[in-house]
Each structure stands twice: as structure tokens, then as C-alpha cells.
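Have a look at the structure below, then the notes.
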Amino acid sequence: MNEIEHEKVGPFTIRIWGFLTALLVWALYVITLAPTTGFWDTSEYVTTAHILGMPHPPGNPLFVITGRVWSLLLEWTGLPVALRINLLSAVLSAGATFFWFLAVARIVAHFWLNRTTVLVASITSVWIGATAFTVWSQSNLNEKVYTLSLFIVAVVSYLAMRWKDDADTVRGTRLLLLIAFLLGLGWSNHSMSLLPGLALVLFVLWHRWRVALQPLVVGCGLALLAIGYSVQLLFVPIRSAQNPIIDEADPECPSLISAVTPTRIEDRFGDKKWAVQCEPLALSLIRDQYGPGPVTQRQASFRAQMANYWQYFDWQWARTLGPGPRLAVSMVFLFLALLGLWTHLRGDRKTFVYSGTLLFTVTFLLVYYLNFRYGYSLYMNEIPDLSRHEVRERDYFYIIGFQMWGIYAGIGLVSLWTQLAESISIKAGGHPLHPNLTKASPILAIALIPLLFNYGRADRTGDFAARDWAYNILQSVEPYGVLFTNGDNDTFPLWYLQEVEGIRRDVTVIVHSYLGTSWYPKQLRQLTSPCAAGQSASDTPTTVVCQRMFDMANAVEPYKELDPSEPTRSIIAWDDEEIDSLEPAFSVSPDTTFSISRWVEARVRDGVVLYPDIMVYHIIQQSLGDRPVYFAATAPPVYQKWGLQPHLVRHGLAFKLVDDLLEETVDTVNLADQMPNTLSPTWVNSTRSRELLWNVFQIDYLLDWNEWREPSTESSIPAQYYLAYFLQGMSESQLADTVAAQRSFEMSDHFAVLSRIGLVTQ
């Protein structure tokens, strides 16, 4: 089978056909490419690639380096950075399509001698795999790092098929060693890259175990695996030591020796895990920050987890259809995939050992290993406790499996095609060995179903929602403001806007959940320290130096008339020892009042656990009088725990903590009478919010949307816009401006529809 790639079918060789198919897939991704950043982890990865920063543990250094190099190579195009990184995902997925094409051609050539059939099978299989919903939607927006792993798994799978044909040669041994290196390199991107491991071991042992188990081969393979993984062990601590603006977990080490010396450490559950001697790097490698528990402690029943997997499988082939028709299509593609599996098993068991095991690994074993909580949108009636559900849909974890299900559906479809062609030939009096493939070809149109019925949901063109959401939040904050955020979607897009587009770097975005760590407060302390004489944060914009300046030249209208003073102190006064000595959590008893300033008191109720909120208290106390303090509208747990609502005034999409007695004026309105029994702040700065909502916010294109494009943020982001405009309408009504009130209510109605909260203003 070594020459299959160089055989001609029509005007081109199989390899050229593979390149053309991958080019077509790439074109589809580009046509539907997201123009900028997106929600969830997209902004974190775009930003860290741009500044060579450290994303959340374990740091994904291969992606960060690849993204930075790719972005620099495309800098001459003038394309926005986020668009370049999205384009990287499209190229990687198209590259995966190319290598899977070659792998499929080698596989099916074992049982279909007709080279036209081999070509059609290869094209059909990878096309269905590439247009599966999750594969497509991850390939036109770099939401995660998984398209790089998708590419590596495809390359490894192709090399495994090549190794089979060269197993007894020196070339075969070299292929095994190359595979080992790629697995190690892929591991430094994400552990998803290791998923072919079990399939490779079984495949090699099944086919040529004596060759593979030679001590020299095993030793060199392990060495190359370690060399590939060394990107994780060397780049991460070296770059972390340079203090990039985003340096999550701060995994720097006292020496490189400690970064590469293996040892066993104990995680927060008391379990022993292999890591390295350097503790910060070790904790990052095992993702101790997130506290993943043992896989044996199931977070949901395996049956419920498989039901969640089936839900995601059901999305892959006709996402825009309703539940009934979509299920029918899913059953068709499941049947085709099972037929493809059977065709492969019956036709060539040796290669089936690899691909069949890989499919089993990325489906059933992966579901068990990931051990997810109940699905984001499943079992809500049976399990109403939201903490027992995932915070969003997690279909992207199964991207490799869905691509493989698509590939097998393509093989199954071609199997039906050949059988139908044989049947047509027999009925016409011909011979079954000379099937009429042309007359049977209409059945191949089934391969276009995912393209037609996924397009509407996979298309990301014209979607600036995440980027502009960040812009609107940041511009809600006055110069040098401290802004407390609560989660990924009110944090990562803000990082992107500040570090990539250079907008409102003066605002200190504080991730609430990170305040419970020892490394994050220390970074904030340095980031907000006044610059010394002759020192400027702009000298090295990608690393932490000192407080960054407000850009008056590009200020929006509400702040052009202000004359903001530069802060005189850091938002954190404690030294390293005091930060390290803080209790991770403690309970308040009985009801307790904390004095923050002369005017502001924080009231904490009996039994409330403060974690990591004592740092919130300290930052507020240290900042008031020196810089404005804000809470993102999406961060109620932060301010509600301290009972700060009576001191908060809405400015657009953020609440300002006012260090004074609040009184109603022509600018400030209290909506307490219209909002009884609410935990939300009731004060609105009507004048400032009016300026922001109508003259500053970038939302005009959202008025043309009939539905929110990101289902996992549908109930949160548009709902915040709804509240902002609705409460502005109420404040305008209280100020007796009925025209302005009606205008705000009409806007809030639109966002009520987008968020599907079913609220209609009167």
C-alpha cells in the first residue's frame, strides 16, 4: 500500500485529491470564519498567544508558541490578531482532513480494489467528518486548543497506517520514533493528543510486537516522547519568570533542573501524582487549582454521562433541525457509521485494531475518564441543583470522536453505494464485479446533509458579540477603575480587548475566583503599583511593570472632560508573607458588619463562608479614595456576599461603589419602590448610563439578530443588556422623560427576545 498515495485516479494522484479536498474544507471554514474573538476560553487563548502569556493550567505552551509564530507570519496581511488565530484553527482542521484522507485511502484500499471507490470513500469520509457540527464550529473560531490536537491525532493516525506497511524496515522504526515525538509534543499542547496511545500500543503489538519491543526502540521512543513534552517543562517556567501580563498559576521555578526532575506530589485530595520537583509547575501540571477529584468518585451516573454524549452526537449531523427530524438524521448517520465499522472490521482487521480502538477510546473511555457532572441542559427537572450540572455544553471535548464517527459514516455510505451499484448492474443483466457506480451515485448526496443542516448554526460571520461585550463593560468603568468580574465571559474578553487591541488598559480587571490563590494577589499588587521615576508600563507592554496609564487621546465621550488623577498606591498593601498566611476560607458568625470607609459598611450574614472574599474587602478598602471601584453586572455573588447593594450605582453594565451618602438627584435615581424584594442594586446613574447605552455601546448589529448565536451564553449576556436598558427605561420614567423611557423599553424588549427570558415591558 506504500504507493497508493501516488496512484492516479483521473487527472490527479490520491495525494493531490487529498490536498484539494482539504483545501475545500479550509475554504468552507474561511467562509464561515469568526471575524474576532468569542466567548468562553477563546479570548484567553488569543490573548496569551499574542503576548506569549500563560493560560489556565497546565499552560498549553505548544499552542501559545504556535499561535504567536503564526500570528507573526500573518502580520503583513494586516488582519486582526483574533482573526489570524481563528484562521490558524481553520488551517489545522483542514490539515487534519488531509492526513485523515490519506489514512482512510490506505485503509479502504485493503478491501476496495477499485481506485475510484477508494477515492470516493476518502473524500466522502473526511467531508462528513469535517462538517460534523462540533468539528466545524471549533474550526472557524479558536475557542480552545483542540484543533491543534485534532491535527496531531490525524498525523499520528496516518503515520500508524504507513508504519504497518513498513513495519519490518528501518523506515518503519523511524516512523514509530516520529510518532513518539509527536505524541510528546502534542502532550505539551493538551493531553487530548495522547488519546491514540492505547490504540497505538494494541496496533503495534498486534502487528509486529517483536520489532516494537526491542529495547533500543523502546528507549529511544521514550526519550523522544520526553523531548517533545519538554516544551511543557521548559517554556512554561522560563516565560513565567518573565512575568507576562497573563501568568496563570505563576509556574516559575528556582532552576530548570527542578522543572525537569520527576517526583510524586500530593494533590488537595491526598492522592499521589507524578509531576516535577518545582512545586508551582507541579501544581500547574496536575491542575490542582481546579481540584479535579478521582475518576472513581463519579460526579454523575455513567448512564447520565452517556446520555449527555448522545445529546452531543445528535447535534453533529443536522443541528438546525428540530428535535424530531434531527433525531431521524442522527439515526441514519449512526447506522452508516456502524455499517462503516462493520465494513472495516470485515475488510481489514489489522488496521481496524487501531482505528476501532481509537474510536472506542475517544467515545466510551473518554466519557468515563472526563467524569462530567450532569449535562448543562439535561436532567434539570430531576437534578435542579445547578452546582451538579456543567456550567456550559462540553461537546468540544469529543471533537476527535465526532470526526471519526463522520469518517466511519462516510465509509458506510460508500459501502451502501457499492452495494446499490452492484444491485443495479445485476438487475440490468450485468455482472456484479462491474457495478454501475454512476447510476447509484445519487445516494452519495447524503454526505451533504451535515453541510446543509449545520451551516446555520456553525456560521460565525459577522459575530462581534464577545468583543463588543468586553468593550461595553470596560467603557462602563471610569479611568483607573478596579473592576471585579465573576467568570470567563466577563473576564477573558476584557483581557483580549486590553492586551490585544490596547483598549482601556488602565482598568484593573480582577478575577474573583483567582483571589483565593497566593500567586494572583501578588501579580495584582505589582500591576497596580505606581510607576517609579523613569519607569513606564508601556516600555514592555506584555509583562507586568506598574500601573498602566489612561489613554486620554482615545477616551470615549463620558470621560473626555474628566481629569483623572493617577492612583497613588497599589490595590493590595499586604506583603508576600501576609498573603501566604491568609486562611483559604472562614465562616462568619454571627451577622457581622465590616467598616470599609466612613460611608460604606459591608454586612455579612451569619454562616456565610468568605472565600476568597477577604481579599475583596482588602482591595475595596485600599482602593476607595484612590481609584474608582466597580463590579461587573454579571458578578452578583461578589457584592451580594458583602451586602454592598445600597452603595452601588449602575453605570451601563457595571456598578460603581460610591463612597458617600447616596441621594436622589437629576442624575441618580433609586428604583427601590419599583424593585421590591430584590438582591440587585437599585440605584441608577441615569445620565451616565444614558451616555453609555446610546452613544458608547457597540450593539447596533445585534438589533438585526433574531436569536442569540451562542447558546451557552443565551441566558446571561443578552439578559444583562435587557436589564441595562429596562432599568434605564424605569429611571427615565421616574424622571418623567416618557420618550426616552419608551426608547429604552423597546431596546430591552429586543434583548428579552434574544435571551428568551420571556419578559416584555409594558
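Numbering of residues begins at 1 and proceeds along the displayed sequence. All figures in this text were calculated on a predicted structure; none of them were measured in a lab.
For Y408, the ring pair (Phe, Tyr, Trp, His ring centres under 6.0 Å) partners at least two apart in sequence or on another chain are H344. Applying the ring pair (Phe, Tyr, Trp, His ring centres under 6.0 Å) rule to W315 yields the partners Y312; only residues at least two apart in sequence or on another chain are considered. Residues forming a side chain to side chain donor-acceptor pair (under 3.5 Å) with S122 (at least two apart in sequence, or on another chain): none. S284 is linked by a side chain to side chain donor-acceptor pair (under 3.5 Å) to nothing, counting only residues two or more places apart in sequence or in another chain. With sequence neighbours left out, the ring pair (Phe, Tyr, Trp, His ring centres under 6.0 Å) criterion links F203 to W163, Y354. Judged as a side chain to side chain donor-acceptor pair (under 3.5 Å), and not counting sequence neighbours, W127 has no contacts. With sequence neighbours excluded, no residue forms a side chain to side chain donor-acceptor pair (under 3.5 Å) with S125.
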* Could you go through the salt bridge (Lys or Arg N to Asp or Glu O under 4.0 Å) check for D488 and R392 one step at a time? => CA-CA 11 Å; D488 296 358; R392 61 175 296 197; over 6 Å; no
* **Audit row: L359, L341, side chain to side chain contact (heavy atoms under 4.5 Å, CB included) steps and yes/no** => CA-CA 10 Å; L359 182 60; L341 281 164; 3.8 Å; yes
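Counting only distance, with no hydrogens or angles, the side chain of D348 and the backbone of T351 share a donor-acceptor pair below 3.5 Å. In this structure a side-chain-to-backbone donor-acceptor pair under 3.5 Å is present from R287 to P57. Not a single donor-acceptor pair under 3.5 Å links the side chain of E5 to the backbone N or O of R15. Looking only at distances, no side-chain donor or acceptor of W136 sits under 3.5 Å from a matching main-chain atom of N454. T97 places a side-chain N or O within donor-acceptor distance of the main-chain N or O of S93, the cut-off being under 3.5 Å. E499 places no side-chain N or O within donor-acceptor distance of the main-chain N or O of I245, the cut-off being under 3.5 Å.
Residue pairs meeting the disulfide bond (SG atoms under 2.5 Å apart) criterion with at least one member in residues 190-254, sequence neighbours excluded, are C253-C278. Residues in residues 216-260 take part in these ring pair (Phe, Tyr, Trp, His ring centres under 6.0 Å) pairs, two or more places apart or across chains: W187-Y229. Under the side-chain hydrogen bond (donor to acceptor under 3.5 Å, both in side chains) criterion, the residue pairs touching residues 243-254 are S240-D247, S240-D250, E248-Y514, with sequence neighbours excluded. Judged as a side-chain hydrogen bond (donor to acceptor under 3.5 Å, both in side chains), the pairs with a partner in residues 64-76 (not counting sequence neighbours) are, in order, S71-R84. The side-chain hydrogen bond (donor to acceptor under 3.5 Å, both in side chains) analysis of residues 395-404, with sequence neighbours excluded, yields the pairs W100-Q403, T134-D395, R394-Y396.
For the pair L88 and L92, the minimum side-chain heavy-atom distance is below 4.5 Å. In this structure, L233 and L285 have side chains that are in contact, with non-hydrogen atoms separated by less than 4.5 Å. Side chains of L178 and L159 form a contact here, defined as non-hydrogen atoms less than 4.5 Å apart. Side-chain atoms of T147 and F63, non-hydrogen and from C-beta on, never get closer than 4.5 Å to each other. Side-chain contact between T543 and R239: present, with at least one pair of heavy atoms (C-beta onward) separated by less than 4.5 Å. Between N86 and N140 the shortest side-chain heavy-atom distance does not fall below 4.5 Å. Considering only heavy atoms from C-beta on, V276 stays 4.5 Å or farther from V260 through its side chain.
For Y309 and F364, the ring centers sit 6.0 Å or farther from each other. Between F397 and F372, the distance from one ring center to the other falls under 6.0 angstrom. Between W310 and F313, a ring centre-to-centre spacing shorter than 6.0 Å is recorded. Taking the six-membered ring for Trp and the full ring otherwise, the centers of W405 and F402 sit at least 6.0 Å from each other.
For the pair R298 and Y368, the cation-pi test (distance below 6.0 Å, angle within 45°) is passed.
Looking only at atom types and distance, the side chain of Q311 has a donor-acceptor partner in the side chain of N308 under 3.5 Å away. Side-chain contact check for Y45 and N142: no donor-acceptor pair (N or O, by modelled atom type) lies under 3.5 Å.
Minimum heavy-atom separation, P251 to V236: CG-CG1, 3.3 Å.
Within 6.0 Å of atom CG in L365, more than 12 heavy atoms from other residues, nucleotides or ligands are found, so the atom counts as buried in its surroundings.
With W112 as the partner, the side chain to side chain contact (heavy atoms under 4.5 Å, CB included) test is satisfied by one option alone out of L119, I411, I107: I411.
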